[in-house]
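As structure tokens, the structure follows; a few thoughts come after it.
Quick note: numbers below take in every heavy atom, side chains included, and nothing from hydrogens, waters or symmetry partners. Numbers restart at 1 for each chain; the letters A, B, ... are given by sequence-line order, proteins then strands.
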Number of protein chains: 2
Amino acid sequence: MIRTEALRAFVTVTEHGNIRDAAEILCRTQSAVSMTLKQLEAELGGPLFESDRKSKLTDLGAFVLDVVGPLLREHDRALELITGYAQGYSGRLRIAAVPSVAALILPTVLKTFVQARPEAEIDLYDTDSASVREMLLRGETDLGLASPAGEADGLRAIPLFTDPLVFVCHAAHPLASEPRPLAWHQLTGERLILNETLSGLATPEFRTLAAQARLSVRNLTSLLAMVQADAGDTILPGLATRALPSGVVTRPLADPACQRRVSLLVRDGRTPSPIAAAFIDMLCDALPNMAQRFGLSERWT
Amino acid sequence: MIRTEALRAFVTVTEHGNIRDAAEILCRTQSAVSMTLKQLEAELGGPLFESDRKSKLTDLGAFVLDVVGPLLREHDRALELITGYAQGYSGRLRIAAVPSVAALILPTVLKTFVQARPEAEIDLYDTDSASVREMLLRGETDLGLASPAGEADGLRAIPLFTDPLVFVCHAAHPLASEPRPLAWHQLTGERLILNETLSGLATPEFRTLAAQARLSVRNLTSLLAMVQADAGDTILPGLATRALPSGVVTRPLADPACQRRVSLLVRDGRTPSPIAAAFIDMLCDALPNMAQRFGLSERWT
DNA sequence: TGCATGTTTCAGGGAAACTGAAGTTGAGTG
DNA sequence: CACTCAACTTCAGTTTCCCTGAAACATGCA
């Protein structure tokens with residue numbers, strides 16, 4: 001059996017013209033390299049060098065060098081690729097996130113992440129929670145950052161943080177000047193516009209309000225435009241209300257259960273790719289900072 | 001250190017979907033393959049399979065397979081190339097031979113030689129002895145079949161056979177009907193045409209005759225045409241007189257020293273390429289047959 | 001639950017590669 | 001022509017590490 005290391009020893013010796021220097025490079029003793037070459041010659045059935053002094057190749061030696069040189073370069077390149085990928089330094093990472101996370105949390109994290117990984121390719125896609133989960137299930141993304149679904153459906157959720165929901169209304173709205181956090185009963189009769197972030201909210205008082213809602217808007221920009229036009233009011237996670245159009249204000253809600261949970265979602269039973277695992281690590285490390293910065297509650301049980 | 005055999009084990013397991021069958025192919029026990037995979041995973045720093053049942057790859061596993069599959073094919077192809085070359089089954093063999101050897105000895109030998117070596121490329125070049133030696137020295141051919149030069153000049157000669165020289169003359173020539181082998185003195189006064197095969201003949205009687213010669217012709221066909229036209233007579237090795245034009249006859253010479261020596265010539269101090277060595281072996285094996293067929297004396301000391 | 005199939009773990013054996021020292025070879029030099 | 005030096009080979013002893021076989025462990029199926 002011809003060992004790859006024997007071929008490498010041969011090439012190194014040809015490159016240096018003698019065994020001594022090659023042995024140094026290979027971190028072996030002279031005798032080890034000598035014996036390795038001898039064994040290689042025995043396996044091939046002919047001498048590789050014209051004399052003991054390893055300066056001149058035989059025809060066979062020249063041929064082997066021609067073939068093995070490129071082979072070893074291929075070999076080294078392949079192993080580098082593999083280890084780079086295995087250590088999360090290269091490869092493609094596809095992230096799907098809800099817009100608020102994509103806009104506020106990810107830029108900071110991704111910046112340092114890509115800086116350390118010039119080889120890596122990263123795709124970021126923002127959409128609503130339901131689409132994030134669908135993309136994961138269809139294998140169209142590696143990671144999701146969104147609200148976890150109620151029941152287990154082939155996804156695994158790692159809790160990241162909770163984000164308090166706030167009431168969003170026109171500045172001229174009567175409740176806009178209410179000094180205290182709003183209780184549910186204060187919202188009775190409001191023209192509530194539903195949106196995707198509210199689908200996970202199970203509080204009975206809210207469900208009663210939601211049942212009376214006439215309007216549902218999926219896109220955040222459209223939703224805020226509606227509020228700005230005073231066509232109604234809505235409830236949104238705090239993160240999503242960082243950049244409001246003029247004339248739109250927010251009021252906190254009194255119900256402490258009224259929170260959006262944001263999880264990191266991965267496909268259940270699938271080991272994440274190394275670069276995904278590296279990103280998860282970095283994200284979890286960065287989370288305390290983010291939580292403090294945006295006033296989020298870190299984790300839940 | 002990632003062993004090539006570990007990569008091969010991994011690919012084989014993915015191909016069979018389980019360790020047991022792969023172990024059979026690899027001529028190892030289950031546990032050996034299992035431990036090899038485990039070691040590979042440890043070296044990469046992550047799992048290659050989703051579960052103990054080796055049916056589903058992780059992302060990392062799929063990536064490694066993508067990279068390693070082609071790598072191993074390259075590797076195997078390269079080793080095949082090398083061993084094929086080392087065993088003399090492939091490669092290029094350039095032979096330079098004097099015309100008589102090229103025409104009479106080589107066809108039979110080369111026929112079986114190339115049949116056994118569909119991968120090999122063989123170039124045959126015929127020219128006179130001096131050119132054969134020059135081609136060898138310039139590295140333009142691997143083997144020469146010709147008369148050895150007098151002094152050692154960077155070539156090594158392996159004696160093959162001796163070929164008795166014969167007198168060649170027109171059928172109407174007085175000596176053509178001489179029943180006994182010719183002695184040198186009988187040739188005195190003949191219009192001897194010199195040729196390249198006579199340059200190595202050192203017998204004093206012949207040298208005296210040669211000194212009186214007016215004509216020297218290099219090409220065999222031209223030489224025989226001269227004799228056919230009765231423009232003179234000449235001396236040639238027996239092998240070169242196998243196909244004479246009509247009207248031209250040969251007579252044996254009495255001097256037993258009057259022989260052309262044919263050697264196999266190679267460059268001194270250079271190991272012949274494996275395919276050249278294989279050809280030399282085959283030629284030496286076939287020689288007794290040839291010697292008998294053409295009435296040559298096999299070898300000399 | 002028990003069985004069949006397949007994998008991992010573990011201790012022990014053995015092959016193969018490595019080391020260090022001594023021996024050999026070959027080129028250059030007075 | 002012997003001497004010297006550098007480079008390589010050989011050899012015995014050691015170490016490393018891969019492999020085997022047995023037993024324990026998982027997983028799916030009747």
Nearest-Å distance for atom pair [atom1]/[atom2], residues [X] and [N]:
X: A/E24; N: C/dT19; atom1: CD; atom2: P; result: 13 Å
X: B/L48; N: C/dT7; atom1: CG; atom2: C1'; result: 15 Å
X: B/I19; N: D/dC25; atom1: CD1; atom2: C1'; result: 14 Å
X: B/F49; N: C/dG6; atom1: CZ; atom2: C1'; result: 14 Å
X: B/K56; N: C/dG6; atom1: NZ; atom2: P; result: 20 Å
X: A/M1; N: D/dC18; atom1: CE; atom2: C1'; result: 14 Å
X: B/E41; N: C/dT8; atom1: CD; atom2: P; result: 8 Å
X: B/L37; N: C/dT9; atom1: CG; atom2: C1'; result: 15 Å

inquiry  = A side-chain contact here means heavy atoms from C-beta on lying under 4.5 Å apart; do B/E121 and B/L93 qualify?
reply    =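 No, every pair of side-chain atoms sits at 4.5 Å or beyond.
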request  = Answer yes or no: are there more than 12 heavy-atom neighbours, outside B/R156 itself, under 6.0 Å from its atom CZ?
outcome  = no
ask   = For B/E24, does the CD atom sit with more than 12 other heavy atoms under 6.0 Å from it, leaving out its own atoms?
value = no
[N] phosphate, OP1 or OP2, under 4.0 Å from [X] side-chain N/O:
X: B/S31; N: D/dA22; value: no
X: A/R3; N: C/dA17; value: yes
X: A/Q39; N: C/dA17; value: yes
X: B/K38; N: C/dT7; value: no
X: A/T29; N: C/dG20; value: no

query = DNA chain C: B/R20 or B/M35, which has the more 5' nearest nucleotide?
reply = B/R20
Ignoring the backbone of [X], work out which of [options] is nearest its side chain.
X: A/N18; options: D/dC8, D/dC19, C/dT8; result: D/dC8
X: A/Q30; options: C/dC18, C/dT7, D/dT9; result: D/dT9
X: A/D52; options: D/dC8, C/dT7, D/dC19; result: D/dC8

task = Would you classify A/S51 as touching base, sugar-phosphate or nothing, given that sugar-phosphate means primed atoms plus P, OP1 and OP2, and contacts are heavy atoms under 4.0 Å?
result = nothing
task = Have a look at A/R53 and say if it touches a base, only the backbone sugar-phosphate, or nothing, with a 4.0 Å heavy-atom cut-off.
result = base
Qualifying residue, where the test is side chain to side chain contact (heavy atoms under 4.5 Å, CB included) with B/V68 and the options are A/L79, A/I82, A/L81 =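 So the option named by the test is A/I82.
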message = Here's a test for you: under side chain to side chain contact (heavy atoms under 4.5 Å, CB included), which of A/L60, A/L48, A/L7, A/T14 qualifies with A/L65?
response =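 One option only clears the test, and that one is A/T14.
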